[in-house]
*Asks:* 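Right, I'll just put the structure down here and ask away after.
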Number of protein chains: 2
Amino acid sequence: MNDPQAAAGKATGLTFSNLDPQKQRRVLDESYREFAERGYNQASINRIVGRLDIAKGSLFQYFGSKEGLFKHLFRRAVDEIKTPLRAIRDADTAEAFPQRLKRVFAASAAFAKAHPFLWGIYRRMLTQEDFPLRATLLSEVRAEALTFFRELIELGQQQGFVRAELDPATAAFIIEATLDRALTAQDSPVLDAGLGLSSDPHTRQARLDALAEALCQGFSIPEAHKGDCNA
Amino acid sequence: MNDPQAAAGKATGLTFSNLDPQKQRRVLDESYREFAERGYNQASINRIVGRLDIAKGSLFQYFGSKEGLFKHLFRRAVDEIKTPLRAIRDADTAEAFPQRLKRVFAASAAFAKAHPFLWGIYRRMLTQEDFPLRATLLSEVRAEALTFFRELIELGQQQGFVRAELDPATAAFIIEATLDRALTAQDSPVLDAGLGLSSDPHTRQARLDALAEALCQGFSIPEAHKGDCNA
DNA sequence: CGCAGAAATGACCGGGTGGTCATTCCTATG
DNA sequence: CATAGGAATGACCACCCGGTCATTTCTGCG
């Protein structure tokens, strides 16, 4: 009769997937938006069902709880996103360090612009401790990002572009911090502080390039590759 | 009779300042802590008065509203903090660029550790749009920080330590981003990602130095000052 | 048509929130 | 001691929250 195990978990497990796919999308999109705009705690189930014009009970029948909804949403998003992100990462592996760095910067910025809700949730997760799955997900994502940048630096060192005495982990940290800040600034004028990252796409692109260039020149072996960074 | 203007504003204006200074401190400290730990929206007046063991009505008599309390708190904190921060900034102006950069990194980290509540609120403000005064305060603070780093770079260029073709604004952005990330990581293991910034003070200090060094070497004129950065 | 099972509904619940205010308490002064 | 005025109180308010569930509506099949 009573099954305490089932309290937080599957609920029905089927209802939602039986729905008209178009309705599924609408529900997912609207919930997404709410979490991205308000964060986990400030997000309101009432507001979501209000905008969707469905009964509150339905949402709970689909996902069991607020946390269930969020987890479903996020797991799905992460899966959907993994492929394109890996594509960015693994593109042009053979390319020289400076070009690759710039490309990664540009692609990341484009990605953040293209998936504002996912990016919004990620950004909120970074500084708002109360998200479900925060620890798990964040350490996964960040570890992957830092590993990627570290490998990029190491490859640059093998190619002879990057100074050999530079600690890859330290450099990766700096790159990641700069990129993250730049992406954050591009949709938040307050953080931009006059650099121009949040203005029109043209200037934004230029500023982003300048950042990648400055980093690249900073890490480069000066005598060997003068001027290679602004190719 | 009715004065809509007075709704959000001064309330009594005097009650709180008439209080026993010791009680004033207790009230301020506890409120501080609540906002720092939970952010503005999640902070609870009920919890504050509960911990202080005073009546809820009293808090509202002192500050008029939750927003009033927060504003009072923050204005006061900013004032209290300005002096020591300027001191860090203006110390050893004559010192060479690498040493100055390291010193600023170390001092900032120490400051964040020494004022965890203020630092917590600032960090939350960066990514949680719903704080009162957010726009005003944030742009003020960030502008000041970026200006400081820009001037530091420019001075470094005059001293001949920093490459002349480096754009000061871009470099300042990178420095600020790195420093901010490092300070954030030092009390949040999830963000550290194996670098060691959130472990014991010794390693933390070493990692922080490594970051400053890497930045410094990146910006330096290579031939002229080899090795100057790890003085 | 009848009917079964899935899906949808929204009134309702307990609890927490920021905020109010009539009342009581405290203390300093005449 | 009486009293005036500031300080303290906590019951109370309207509102919103996440969550429940008995009931109704829909839909497809025999």
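All chains are named by letter (A, B, ...) in the order of the sequence lines, taking the proteins before the strands, and each is independently numbered beginning at 1.
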*Asks:* Which nucleotide, dT9(D), dA7(D), dA8(D), lies nearest any side-chain atom of Ile54(B)?
*Replies:* dT9(D)
*Asks:* Hey, is the side chain of Lys66(A) pairing donor to acceptor with the base of dG19(D) inside 3.5 Å?
*Replies:*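 No, no donor-acceptor pair under 3.5 Å.
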*Asks:* Taking the nucleotide of DNA chain D with the nearest heavy atom to each, does Ser44(A) or Ser58(A) sit closer to the 5' end?
*Replies:*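 Counting from the 5' end, the first nearest nucleotide belongs to Ser44(A).
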*Asks:* Rounded off to whole Å, could you give me the OH-to-C1' distance for the Tyr62(B) and dA7(D) pair?
*Replies:*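 Rounded to whole Å, this separation is 7 Å.
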*Asks:* Just wondering, do Tyr32(A) and Ile121(A) contact through their side chains at under 4.5 Å, heavy atoms?
*Replies:*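 Result yes, sub-4.5 Å side-chain heavy-atom pair found.
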*Asks:* Which is the 5'-most and which the 3'-most nucleotide of DNA chain C that has an atom under 4.0 Å from a heavy atom of chain B?
*Replies:*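 For DNA chain C, the relevant span reads dT17(C) to dC21(C).
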*Asks:* Within this structure, what is the NZ-to-P distance between Lys56(A) and dC17(D), rounded to whole angstrom?
*Replies:*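 Going from NZ in Lys56(A) over to P in dC17(D) covers 8 Å.
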*Asks:* Determine, for Glu30(B) against Arg47(B), whether the closest basic-nitrogen to carboxylate-oxygen distance falls under 4.0 angstrom.
*Replies:* no
*Asks:* Could you tell me how far apart Glu67(A) (CD) and dC17(D) (P) are, to the nearest whole angstrom?
*Replies:*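 From Glu67(A) CD to dC17(D) P: 18 Å.
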*Asks:* To the nearest Å, give me how far apart OH (Tyr40(A)) and C1' (dC17(D)) are.
*Replies:*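 Whole-Å distance recorded here is 12 Å.
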*Asks:* Between dC12(D) atom P and Phe60(B) atom CZ, what is the distance in whole Å?
*Replies:* 18 Å
*Asks:* Could you check how far CG of Asn41(B) sits from C1' of dC17(D), rounded to whole Å?
*Replies:* 13 Å
*Asks:* Can you check whether Asn46(A) has a side-chain N or O nearer than 4.0 Å to OP1 or OP2 of dC16(D)?
*Replies:*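 The answer is no; no side-chain N or O of Asn46(A) sits under 4.0 Å from OP1 or OP2.
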*Asks:* Between atom CG in Leu19(A) and atom C1' in dC26(D), what is the gap in whole Å?
*Replies:*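 The answer, rounded to whole Å, is 13 Å.
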*Asks:* Can I get a per-line list of side-chain donor-acceptor pairs under 3.5 Å for residues 107-120 of chain B, giving both atom names and the distance, sequence neighbours left out?
*Replies:*
residue: Ser108(B); atom: OG; partner: Val104(B); partner atom: O; Å: 2.7
residue: His115(B); atom: ND1; partner: Phe111(B); partner atom: O; Å: 3.3

*Asks:* Should the pair Lys66(B) and Tyr40(B) be classed as cation-pi, given the thresholds of under 6.0 Å to the six-membered ring centre and 45° from the axis?
*Replies:*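 Judged by the rule (NZ or CZ under 6.0 Å from the ring centre, within 45° of its axis), Lys66(B) counts as positioned above Tyr40(B).
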*Asks:* Parallel under 30°, tilted from 30 to 60°, perpendicular over 60°: which one fits the rings of Phe70(A) and Phe131(A)?
*Replies:* tilted
*Asks:* Can you measure Glu34(A) atom CD to dG18(D) atom C1' for me and round it to whole angstrom units?
*Replies:*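 Rounding to the nearest Å, CD of Glu34(A) and C1' of dG18(D) are 13 Å apart.
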*Asks:* Thinking salt bridges, do Lys102(B) and Glu213(B) make one under a 4.0 Å N-O criterion?
*Replies:*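 Yes, this pair counts.
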*Asks:* Tell me if the centroids of the rings in Phe16(A) and His72(A) come within less than 6.0 Å of each other.
*Replies:* yes
